[in-house]
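Please read the structure below before turning to the comments.
As the structure is a prediction and not an experimental result, all values here were calculated from the model.
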Amino acid sequence: QVELVESGGGLVQAGGSLRLSCAASGRTFSRYRMGWFRQAPGKEREFVAAILWIAGSTYYADSVKGRFTISKDNAKNTVLLQMNSLKPEDTAVYYCSADPGPGLVKSGDDYRYWGQGTQVTVSS
């Protein structure tokens, strides 16, 4: 059974940084795509970034490009999201996701497994 556990959320001032971690277990993820999504209160879930585990290819939403970096730690079976230059509009619950399908995609419907989420709050 796939389990995704996010950590690293918290409260930070605008302009600050946070690093989110997603510990993945229950499968060999070498052929998986891994994604980060977020959902702010009253808004729909939004794609943030994705990575192909075996290739390391990445894909970002325009709203975070140049500020966020997705990466993976093969030894720890962990996907990371480094978030710099945070803005109040980045405030949301951030979710880790995984799917055995090929390619990098940004629709949440294309990700089979989800974590419980971690809250990120950016104060102005």
Side-chain angles (χ1 to χ4, degrees):
Q1 183 174 348
V2 172
E3 184 176 20
L4 304 173
V5 180
E6 303 96 335
S7 62
L11 173 64
V12 65
Q13 289 188 334
S17 298
L18 281 174
R19 189 175 76 165
L20 304 184
S21 296
C22 172
S25 62
R27 287 286 192 279
T28 299
F29 291 92
S30 59
R31 296 192 180 279
Y32 272 54
R33 53 177 171 239
M34 307 294 292
W36 284 98
F37 289 76
R38 66 188 182 187
Q39 188 166 19
K43 294 189 176 181
E44 293 187 353
R45 182 177 59 195
E46 176 187 27
F47 170 76
V48 175
I51 187 168
L52 290 179
W53 198 288
I54 192 168
S57 307
T58 58
Y59 181 32
Y60 295 93
D62 288 342
S63 58
V64 306
K65 201 172 295 182
R67 299 189 298 124
F68 291 11
T69 302
I70 188 171
S71 62
K72 56 186 176 65
D73 184 331
N74 291 329
K76 296 182 179 179
N77 238 29
T78 297
V79 177
L80 305 170
L81 185 68
Q82 178 67 42
M83 305 186 296
N84 298 329
S85 302
L86 282 162
K87 305 175 182 180
E89 51 263 44
D90 294 318
T91 295
V93 177
Y94 282 70
Y95 297 92
C96 178
S97 59
D99 190 84
L104 290 168
V105 295
K106 64 177 183 179
S107 171
D109 293 340
D110 292 319
Y111 289 84
R112 185 177 304 180
Y113 304 106
W114 294 84
Q116 293 300 306
T118 185
Q119 176 70 48
V120 171
T121 303
V122 184
S123 64
S124 57

When you compare the side chain of [Y] with that of [X], does any pair of heavy atoms fall below 4.5 Å?
X     : Y      : value
Arg33 : Asp110 : yes
Tyr59 : Leu52  : no
Arg38 : Thr91  : no
Tyr32 : Met34  : yes
Glu46 : Ser63  : yes

Which distance, rounded to the nearest 0.5 Å, do you find between the [atom1] of [X] and the [atom2] of [Y]?
X     : Y      : atom1 : atom2 : value
Ser97 : Trp114 : OG    : CH2   : 4.5 Å
Glu3  : Cys96  : CD    : SG    : 11.0 Å
Asn84 : Ser17  : CG    : OG    : 3.5 Å
Cys22 : Lys72  : SG    : NZ    : 14.0 Å
Gln39 : Glu44  : CD    : CD    : 8.5 Å
Leu18 : Gln82  : CG    : CD    : 8.5 Å

Tell me whether the rings of Phe68 and Tyr94 are parallel (<30°), tilted (30 to 60°) or perpendicular (>60°).
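It falls in the tilted class, 30° to 60°.
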Polar side-chain atom of [X] near backbone of [Y] as donor-acceptor pair, under 3.5 Å:
X      : Y      : result
Asn77  : Ser25  : no
Ser107 : Asp109 : yes
Asp99  : Arg112 : yes
Ser21  : Ser7   : no
Glu6   : Thr118 : no

Taking all heavy atoms of [X] and all of [Y], pick out the closest pair and write down the distance.
X      : Y      : value
Tyr113 : Leu4   : O-CD1, 3.6 Å
Ala50  : Tyr111 : CB-OH, 3.4 Å
Pro88  : Ala14  : CD-CB, 4.1 Å

Is it possible for you to say whether [X] and [Y] belong to one hydrophobic cluster, with membership spreading through side-chain heavy-atom contacts below 4.5 Å?
X      : Y     : result
Leu104 : Phe47 : yes
Trp53  : Tyr60 : yes
Ile70  : Leu86 : yes

Decide, yes or no, whether a salt bridge links Lys87 with Asp90 under the criterion of side-chain N to carboxylate O below 4.0 Å.
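Judged by the 4.0 Å cut-off on N to carboxylate O distance, Lys87 and Asp90 do not form a salt bridge.
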Of Val48, Leu80, Leu81, which is the lone residue that meets side chain to side chain contact (heavy atoms under 4.5 Å, CB included) with Leu20?
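Result: among Val48, Leu80, Leu81, Leu81 is the only option passing the side chain to side chain contact (heavy atoms under 4.5 Å, CB included) with Leu20.
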For Trp36, which of Val79, Ile51, Val64 qualifies under side chain to side chain contact (heavy atoms under 4.5 Å, CB included)?
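Testing Trp36 for a side chain to side chain contact (heavy atoms under 4.5 Å, CB included) against Val79, Ile51, Val64 leaves exactly one candidate, Val79.
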When you look at CD of Gln116, are more than 12 heavy atoms from neighbouring residues, nucleotides or ligands closer to it than 6.0 Å?
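Result for CD/Gln116: open.
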